Chemist: 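To start, I am sharing the structure in question, which I have written as structure tokens.
Residue numbers start from 1 in every chain, and the chains themselves are labelled A, B, ... in the order their sequence lines are given, proteins ahead of strands. This one's a predicted model, so the numbers in the text were calculated from it and none came from an experiment.
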Amino acid sequence: MSHEILLTQLLYGGAGILFFLLGVWSFISHEPLWRKLIALNIMGAGVFHVLVAVAYRGLDAPPDPVPHALVLTGIVVAVSATALALAFGRRLDREAPEHTSDAHGGVDDREDGTHA
Amino acid sequence: MNPLLLGFDILLSTTLLGLALAALTSREPRRGVILFIAFGLLLALVWARLRAPDLALAEAAIGAGLAGALMLSAARRAARRR
Amino acid sequence: MSSSNPQALLIPLLLAAIGALLFWAFWSGLTGHEGERLAALALERVPESGASNPVTSVLLNFRAYDTLLELAVLLAALLGIWSLGPAAAPYQRASLLLDSLVGWVVPMLIIAGGYLLWIGGQAPGGAFQAGALLGAAGVTLALSGRPNAGLPGEAWLRVLAALGTLVFALIGLTLMGVGLGFLTYPPALAKALILTIETGATLSIGATLAAAFLGGRPRAKRNAEP
């Protein structure tokens, strides 16, 4: 019984850690803003996975509500942070459009060749 | 151990992992963002499976809906710039 | 391209190290000694919190500080977005089919939001889910070409965006003035206070998310009143 719970926690928590690592990798190795934002959101999803896995107590026991409350606020903060980052990106494009468009294309291709 | 449940867990986790990998390695903005939206929808399923229905509701509305719409507009700008 | 690039070696090593550390921490957190856990304490006190949904009682009673600051973070994000410039040009008006669909979907999203807000005390739901639905209604309006996402003019929008933080902080300070301590609800009033705060928070979250989607300060008077 308790092994079953531990197995589920390990499965989803382990997947969460994997998501976090994948997100970190993509965040540091891909240049364009939209790729960084997807990476950031997937890192967040990984953190939420770990928290919800820790809160899990089996199918017929109530889960721990405290991590759930943390994740709920976290989801909303993550989306507002994404919106803020996009606003920054648009402002940067407006300030130096020619610089960003060149840098994005070039670095993107090179980095993909290195790591993909 | 309920083998059906374990099978579901493994299937869900590997699908999510595949979607995350595909979204992170996609070089085409629109494709990457749509994969990310699919990832967000399945994430809501994970929360429901782990007995967190509050999170499943929020994730379905925000992770798939709002974040998806935000990222799609970003993808549109990125695609236009190429 | 070349695998002799030091970066290509460094990043996987770094990730493996972080991953091992995280997994070790996760494992020891799961299998650590069985002391008194927060979960048991929180679940035991839920009946006296004014909301029978454990997540709502944690959000708005036991960890109300956290939620207040989280609403402040949302407000700060919106202020940041507004200070970066005007909103993007509105989308073009949707075709008749989508337009009439939006006319059905948006009222339903608002009703569903109100339902989630009310049911949040006893069942899954609450201010964040309801606010997300209201935000989604705003995004739908924006995508179908309504200027300003159906939000009121800037003066009212400011009030709306600050409402959640304001109501929350005012109730907290009033309770402190009465001598109960910041955000320590008297049990008889807890349900009413939580619902008041949640209503303000729902409106704020919805308005903030919709305004954040517009990506900048609302454009000058295209529509002055909703």
Side-chain angles (χ1 to χ4, degrees), chain B residues 1 5-6 9-10 12-14 16-18 20-27 29-30 33-34 36-82, chain C residues 15 39 43 51 53-60 70 74 77 81 87-91 105 109-110 112-113 115-117 119-144 149 198 202 205-216:
Chain B
M1 179 94 233
L5 198 61
L6 185 65
D9 287 345
I10 291 174
L12 189 57
S13 296
T14 45
L16 267 173
L17 210 58
L21 263 176
L24 289 173
T25 53
S26 159
R27 302 164 83 178
R30 182 185 292 262
V33 170
I34 289 174
F36 173 70
I37 295 174
F39 176 85
L41 278 173
L42 280 185
L43 209 55
L45 213 54
V46 173
W47 305 153
R49 160 68 182 92
L50 293 177
R51 291 208 52 181
D54 291 270
L55 301 184
L57 280 172
E59 185 73 48
I62 293 182
L66 272 164
L70 268 172
M71 303 285 282
L72 271 178
S73 68
R76 201 173 66 138
R77 269 208 340 258
R80 213 171 2 180
R81 217 168 32 208
R82 298 207 153 187
Chain C
L15 289 180
L43 286 171
N53 174 8
V55 177
T56 304
S57 55
V58 170
L59 267 179
L60 283 138
E70 199 266 346
L74 268 184
I81 290 169
Y91 289 87
V105 163
L109 279 174
I110 293 173
Y115 171 74
L116 278 181
L117 169 64
I119 202 76
Q122 308 95 13
F128 288 91
Q129 292 88 343
L133 283 188
L134 290 189
V139 170
T140 313
L141 286 173
L143 286 176
S144 68
E198 278 203 299
T202 301
I205 294 168
T208 306
L209 290 177
F213 176 75
L214 294 176

Chemist: What part of Leu116(C) is in contact with chain B, defined as an atom under 4.5 angstrom from a non-hydrogen atom: side chain, backbone, both or neither?
Modeler: side chain
Chemist: Not counting sequence neighbours, which residues clear side chain to side chain donor-acceptor pair (under 3.5 Å) with Thr56(C)? List them please.
Modeler: Asn53(C)
Chemist: Check Leu133(C) against Ala61(B) and note the closest heavy-atom contact, atom names and distance.
Modeler: CD2-CB, 4.1 Å
Chemist: Compare every heavy atom of Val139(C) with every heavy atom of Ala69(B), then report the nearest pair and how far apart it is.
Modeler: CB-CG1, 3.7 Å
Chemist: Nearest 0.5 angstrom please: Ile62(B) CD1 to Phe128(C) CZ, how far?
Modeler: 9.0 Å
Chemist: Taking only residues two or more places apart in sequence or in another chain, which ones pass side chain to side chain donor-acceptor pair (under 3.5 Å) with Arg49(B)?
Modeler: Tyr56(A), Asp9(B)
Chemist: Please check if atom OH in Tyr91(C) has more than 12 non-hydrogen atoms from other residues, nucleotides or ligands closer than 6.0 Å.
Modeler: yes
Chemist: Taking all atoms of both residues into account, what is the closest heavy-atom pair of Gln129(C) and Asp54(B), and its distance?
Modeler: NE2-O, 2.8 Å
